[in-house]
Amino acid sequence: MAAAPGWHHVADFPPAEEHRCHERGRWYLENGVRAYECRPAGVWQLWVLTEPS
């Protein structure tokens with residue numbers, strides 16, 4: 001999946017650790033990002049949105 005404007009790939013988590021991806025995503029939300037997504041790509045990729053959509 002191509003990166004959309006404003007989205008940044010910030011971390012990868014092992015396939016069995018989707019919960020850690022969401023925990024980190026919520027931390028980013030509390031610290032100023034607009035949104036986050038955990039995307040399945042063999043590993044869980046954490047993407048954050050830092051600019052207006």
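By convention here, the first residue in the shown sequence is residue 1.
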Axial cation check for W7 ring with R39, 6.0 Å and 45° limits: yes
Do [X] and [Y] have side chains that get closer than 4.5 Å, going by heavy atoms?
X	Y	answer
Y28	V10	yes
L49	V33	no
W44	H22	no
R26	Y36	yes

Measuring from [X]:[atom1] to [Y]:[atom2], what's the distance to the nearest 0.5 Å?
X	Y	atom1	atom2	value
L46	C21	CG	SG	4.5 Å
W47	E37	CH2	CD	9.5 Å
C38	R20	SG	CZ	11.0 Å
R24	H19	CZ	NE2	12.0 Å

Looking only at heavy atoms, which two atoms of G42 and P15 are closest? And how far apart? O-CG, 3.1 Å
For the pair H9 (side chain) and A11 (backbone), establish whether a donor and an acceptor sit closer than 3.5 Å, ignoring hydrogens and angles.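 At least one qualifying donor-acceptor pair exists.
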